[in-house]
There are 2 protein chains.
Amino acid sequence: MTELPIASVNETRWLDEEQQRIWRAFLGGMTVLTDRLDRDLRTEHGLSMSEYEILVRLSEAPDRSIRMADLAAALSHSRSRITHTISRLERDGIVQRVQCDTDGRGVTAVLTDKGFDLLATAAHTHVRGVRDYLIDRASPEDLTALGRVMSAVQEAIGGRRF
Amino acid sequence: MTELPIASVNETRWLDEEQQRIWRAFLGGMTVLTDRLDRDLRTEHGLSMSEYEILVRLSEAPDRSIRMADLAAALSHSRSRITHTISRLERDGIVQRVQCDTDGRGVTAVLTDKGFDLLATAAHTHVRGVRDYLIDRASPEDLTALGRVMSAVQEAIGGRRF
DNA sequence: AGCACGTCGTTGAACTTTCAATCAAGTCGT
DNA sequence: ACGACTTGATTGAAAGTTCAACGACGTGCT
């Protein structure tokens, strides 16, 4: 044997100094950012971030309604989690459950007017946060890079949850 | 009045198309990435990601021990959360609690040998994940940008939790 | 010394998420 | 039409996180 392989089969390649610094910044920034956005939403509108995300999706969908499983897939949540969350939102009059007419198993969640109004109000808080804590802190080029990297991550992991 | 202000005081500036695309990629990538890393650690070593992070910090600290409040601060967790998590880790023999001798209130968590061994094993899984799903998916320039942006985010939000 | 105030860590209850089990309904092959 | 298999949604219990309250201790002021 004379040349290859450069990296042998099962050896773990550790992160170098710089990669580690980046990874920790990512982890820390992510934690602090989601915590903060969640807290702002919660204290000002009584909505968690994931509830907010559900409302956003619903508000953009035709008839402001999406089937449970599609919601779960869109947000990478388990079906069970969506069931529980929608139950709470329904109890509070923010969404409504409707039996799906084309599929006997299906249930679609519909955003109520009250839910839409709540979202319209909460959106100010949320967007302000996203700007203040992220968008306005980075150059356009860095933001583009951020988008590129995170899209690649999604690509790399794909839909598979199990 | 003739010129300024360009943006008036309290108007919400919405995200443009591109910013929104980036923000969603970030949110989605983040969710999918942390879910995946968490799941890998959990199934292969019975450790959650936040437990893993605690072990990492402890392993790097002098005497492999850190005071509860410092752990909480370092990971941006509540003190209560650290108490509960450390209790579980202690029950499993992974850390130990020691009364602090310089401060009557203080408790420091110490990584046991068993905990250190577990971490040494789990680290392979974790680092492979970070590489496969993130580091190896992006150019060095983009990674640098990522680090820069996320550091700025941390800077923007700072330590304030409430 | 005494007192007010802040910090440290814990506790238990409420809430949210996960996990495994279940039931109902659609799909496919024969 | 039948059975096997997959998918959609729910359920309840277990596990984890948040929240408010508490007791113990340190700090600083008078």
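Chain letters run A, B, ... following the sequence lines, proteins first, then strands; residues in each count from 1.
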Original post:
What integer distance in Å separates B:Asp70:CG from C:dC8:C1'?
Top reply: 11 Å

Original post:
Using 4.0 Å as the upper bound for N to carboxylate O, is an ion pair formed by A:Asp103 and A:Arg67?
Top reply: yes

Original post:
Any donor and acceptor pair, going by atom type alone, linking the side chain of B:Gln99 with main-chain N or O of B:Gly106 inside 3.5 Å?
Top reply: yes

Subject >> Distance, rounded to the nearest Å, where A:Met49 contributes CE and C:dT17 contributes P >> reply: 13 Å

Original post:
Is A:Asp132 salt-bridged to A:Arg36, going by a charged N under 4.0 Å from an acidic O?
Top reply: no

**OP:** Report the distance from atom CE of A:Met68 to atom P of D:dT11, rounded to the nearest whole Å.
**Re:** 10 Å

Original post:
Can you find a donor-acceptor N/O pair under 3.5 angstrom joining the side chain of B:Ser80 to the base of C:dT11?
Top reply: yes

**OP:** Indicate, yes or no, whether a donor-acceptor pair under 3.5 Å links the base of C:dT7 to the side chain of B:Arg105.
**Re:** yes

**OP:** Rounded to the nearest angstrom, tell me the gap between atom CD1 in B:Ile82 and atom P in D:dG16.
**Re:** 14 Å

Subject >> Side chain B:His84 and base C:dG9 donor-acceptor under 3.5 Å >> reply: no

**OP:** Grab the CD-P distance between B:Glu53 and D:dT17 for me, whole Å please.
**Re:** 11 Å

Original post:
So B:Met49 and A:Leu27, side-chain contact (heavy atoms from CB on, under 4.5 Å) or not? Walk me through it.
Top reply: CA-CA 11 Å; B:Met49 180 102 184; A:Leu27 215 47; 3.9 Å; yes

Original post:
Side-chain N or O of B:Arg79 less than 4.0 angstrom from OP1 or OP2 on C:dT10?
Top reply: no

Original post:
Given atom CG of A:Leu71 and atom C1' of D:dT7, what is their separation to the nearest angstrom?
Top reply: 17 Å

**OP:** Could you tell me whether A:Arg24 and B:Glu60 have a side-chain N and a carboxylate O separated by less than 4.0 Å?
**Re:** yes

Subject >> the helix from C:dA1-D:dT30 to C:dT30-D:dA1: angle between end helix axes, five pairs per end, rounded to 10 degrees >> reply: 30°

Subject >> Check: B:His77 side chain, D:dT18 base, donor-acceptor under 3.5 Å >> reply: no

**OP:** Side chain of A:Arg81 only, please: which of D:dT18, C:dG9, C:dT17 is the nearest?
**Re:** C:dT17

Original post:
Distance-only, no hydrogens or angles: does the B:Thr112 side chain make a donor-acceptor pair with backbone N or O of B:Ile94 under 3.5 Å?
Top reply: yes

**OP:** Consider the side chain of B:Ala69, meaning its heavy atoms from C-beta on, and name the nucleotide among C:dC8, D:dT10, D:dT17 that approaches it most closely.
**Re:** C:dC8

Subject >> Nearest-angstrom distance from the residue atom CZ of A:Arg97 to C1' of D:dG8 >> reply: 13 Å

**OP:** Starting from P on C:dT16, measure out to CZ on A:Arg91 and report it in whole angstrom.
**Re:** 7 Å

Original post:
Any side-chain N or O of B:Arg42 less than 4.0 Å from the OP1 or OP2 oxygen of C:dT18?
Top reply: no

**OP:** Check every strand shown and say whether A:Ser48 touches a base, only sugar-phosphate, or nothing at a heavy-atom separation below 4.0 Å.
**Re:** nothing

**OP:** State whether A:Arg88 places a side-chain N or O below 4.0 Å from either non-bridging phosphate oxygen (OP1 or OP2) of C:dT17.
**Re:** yes

**OP:** Quick one: sort the A:Phe26 and B:Phe26 rings into parallel, tilted or perpendicular, breaks at 30° and 60°.
**Re:** perpendicular

Original post:
Salt bridge between A:Asp92 and A:Arg88, side-chain N to carboxylate O under 4.0 Å?
Top reply: no

Original post:
More 5' along DNA chain C: B:Ser87 or B:Arg67, using each one's nearest nucleotide?
Top reply: B:Arg67

